[in-house]
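Heads up, the thing below is written out as structure tokens.
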Amino acid sequence: MARIAFIGLGTMGAPMAGHLAKAGHELTVYNRSIGKAKSWAEAYGGAVAISPAKAAEDADIVISCVGTDDDLAQVALGREGAFRSMQPGGLFIDHTTVSARIARQLFVEGESRGIHSVDAPVTGGHSGAQDGKLAIMCGGSEPAVAAAKIVMQAYATRIVHVGGAGAGQTAKMVNQICIAGVIQGLSEALRFAQAAELDLDAVFEAISGGAAQSWQMDRYWGTMARDEFDFGFAVDWMRKDLGLALDEARANGATLPVTAIIDQFYADVQAMGGHRQDTSALVRRLTRA
């Protein structure tokens with residue numbers, strides 16, 4: 001069992017850390033809101049630290065799951081960041097969805113200190129985190145990813161090493177590009193079926209067993225039809241992720257015309273007040289017949 005510092009106890013981080021505690025690992029947790037950290041410790045045990053550096057002092061492994069590039073830079077490289085107190089040979093695993101640039105920066109900074117770094121963004125949503133059934137795409141060295149897998153298996157059912165530093169984040173961008181396109185298609189199909197006055201349950205039964213089937217369809221067809229949008233990944237976070245993908249595309253020369261359009265469609269949803277609604281709220285742009 002490892003001594004683990006877990007930084008970031010939000011919607012995803014709290015259940016992930018919980019699975020580690022249930023697996024028998026010794027945890028010290030840090031969260032920007034100390035109240036969340038204390039509540040987590042009351043539920044699962046473990047210690048609460050006042051800073052990322054304090055959490056990492058005696059840890060073999062430090063895991064972060066925060067919000068943005070700036071958040072990650074602060075908890076890893078800031079004045080009270082984890083890298084300040086991690087010992088050579090330590091392992092830093094980041095589950096935040098951020099840019100490939102900062103993932104590569106952490107890798108280089110880690111190497112200079114003898115710290116192994118793995119960028120390991122996740123997919124599967126809050127339900128996947130709660131159920132311990134996340135999928136994780138990893139960037140980093142083979143030995144570092146192999147060591148990370150040992151602990152990540154507590155909350156993941158699929159862990160894939162996709163390449164060197166930053167590759168995990170780039171693979172997550174691929175994931176979000178795919179999701180955005182599927183949800184836009186699903187939104188248009190649903191509104192088309194409504195305009196044709198079809199029985200939506202019957203349509204779902206007919207098409208969900210064939211080539212049109214998708215995880216998004218299975219999860220959201222019914223709730224989208226009822227204009228219910230409080231079941232998953234928020235529009236604000238999708239816009240952040242699509243922005244990362246579009247930035248990376250400008251750097252690597254890829255062309256993402258549909259993704260760019262859907263990103264602006266999500267901006268429309270934000271303007272309609274849908275910031276915290278889940279990504280299926282994209283259908284709100286299309287007038288119901």
Side-chain angles (χ1 to χ4, degrees), residues 1-66 72 75-76 80-96 103 106-107 110-111 113-124 126-161 168:
M1 295 295 103
R3 292 174 298 179
I4 298 174
F6 203 103
I7 300 169
L9 299 171
T11 301
M12 301 294 287
M16 292 161 70
H19 286 297
L20 290 170
K22 291 175 183 177
H25 297 291
E26 180 183 335
L27 266 72
T28 299
V29 298
Y30 167 79
N31 195 74
R32 185 164 50 189
S33 169
I34 192 69
K36 283 188 178 180
K38 289 180 177 178
S39 295
W40 184 93
E42 288 174 3
Y44 295 101
V48 175
I50 61 172
S51 71
K54 285 292 185 183
E57 277 183 350
D58 299 315
D60 306 307
I61 301 169
V62 177
I63 301 176
S64 59
C65 189
V66 287
L72 179 57
V75 301
E80 294 295 325
F83 277 28
R84 300 290 182 182
S85 59
M86 289 182 69
Q87 298 301 309
L91 175 61
F92 185 86
I93 304 168
D94 177 49
H95 290 310
T96 317
L106 290 180
F107 180 83
E111 275 199 324
R113 302 166 187 259
I115 298 168
H116 308 290
S117 180
V118 175
D119 54 289
V122 305
T123 185
H126 180 54
S127 62
Q130 286 183 312
D131 297 338
K133 295 182 178 180
L134 294 170
I136 306 179
M137 49 224 83
C138 302
S141 71
E142 188 67 48
V145 173
K149 283 183 178 180
I150 296 171
V151 294
M152 293 190 301
Q153 64 188 0
Y155 43 79
T157 53
R158 179 175 298 184
I159 304 169
V160 181
H161 185 192

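Note: hydrogens, waters and symmetry copies are ignored here, and every other heavy atom, side chains too, is used. Not measured: the values here are computed from a predicted model.
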Minimum heavy-atom distance between [X] and [Y], given as atom pair plus value:
X: Gly13; Y: Cys65; result: N-SG, 4.0 Å
X: Gly168; Y: Pro121; result: O-CG, 3.2 Å
X: Gly90; Y: Met86; result: C-CE, 4.0 Å
X: Ala154; Y: Leu20; result: CB-CD2, 3.9 Å
X: Ala17; Y: Leu27; result: O-CD2, 3.5 Å
X: Gln130; Y: His19; result: O-NE2, 2.9 Å

- Query: Under the 3.5 angstrom rule, does the side chain of Ser117 hit a backbone N or O of Gly110 as a donor-acceptor pair?
  - Reply: no

- Is there a donor-acceptor pair under 3.5 Å between the side chain of Asp131 and the backbone N or O of Lys133? no

- Check against side-chain contact (heavy atoms from CB on, under 4.5 Å), Met137 and Asp119: CA-CA 8 Å; Met137 49 224 83; Asp119 54 289; over 6 Å; no

- Query: Partners of Tyr155 by side-chain hydrogen bond (donor to acceptor under 3.5 Å, both in side chains), sequence neighbours excluded?
  - Reply: His95

- Query: Does atom CZ of Arg113 have more than 12 heavy-atom neighbours, drawn from other residues, nucleotides or ligands, at distances under 6.0 Å?
  - Reply: yes

- Crowded around Lys54 NZ? As in, over 12 foreign heavy atoms under 6.0 Å? no

Does a side-chain heavy-atom distance below 4.5 Å link [X] with [Y]?
X: Gln87; Y: Asp60; value: no
X: Leu91; Y: Val118; value: yes
X: Ile93; Y: Ser64; value: no
X: Lys149; Y: Cys138; value: no

- Message: Tell me if the aromatic rings of Phe92 and Phe83 count as close, with their centers under 6.0 Å from one another.
- Response: yes

- Query: Taking NZ, NE, NH1 and NH2 as the nitrogens, is one of them in Asp58 or Arg3 under 4.0 Å from a carboxylate oxygen of the other?
  - Reply: no

- Task: Give the intermediate values and the outcome of side-chain contact (heavy atoms from CB on, under 4.5 Å) for residues His25 and Val151.
- Result: CA-CA 9 Å; His25 297 291; Val151 294; 3.9 Å; yes

What distance do [X] atom [atom1] and [Y] atom [atom2] have between them, rounded to the nearest 0.5 Å?
X: Thr11; Y: His126; atom1: OG1; atom2: NE2; answer: 6.0 Å
X: Arg32; Y: Leu9; atom1: CZ; atom2: CG; answer: 12.0 Å
X: Met1; Y: Ile150; atom1: CE; atom2: CD1; answer: 10.0 Å
X: Leu134; Y: Arg158; atom1: CG; atom2: CZ; answer: 12.5 Å
X: His116; Y: Ser141; atom1: NE2; atom2: OG; answer: 7.0 Å
X: Ile63; Y: Ile7; atom1: CD1; atom2: CD1; answer: 9.5 Å

- Please lay out, stage by stage, how Ile4 and Glu26 fare under the test side-chain contact (heavy atoms from CB on, under 4.5 Å). CA-CA 6 Å; Ile4 298 174; Glu26 180 183 335; over 6 Å; no

- Can you pull the ring-ring contact (aromatic ring centres under 6.0 Å, His included) pairs that have at least one residue in residues 130-151, sequence neighbours excluded? none

- Hey, mind stepping through Leu106 and Leu72 against side-chain contact (heavy atoms from CB on, under 4.5 Å) and telling me if it holds? CA-CA 9 Å; Leu106 290 180; Leu72 179 57; 3.6 Å; yes

Show which side-chain atoms of residues 33-45 pair as donor or acceptor with protein atoms under 3.5 Å away, not counting sequence neighbours.
from: Ser39; atom 1: OG; to: Gly35; atom 2: O; distance (Å): 3.1
from: Trp40; atom 1: NE1; to: Ala14; atom 2: O; distance (Å): 3.1

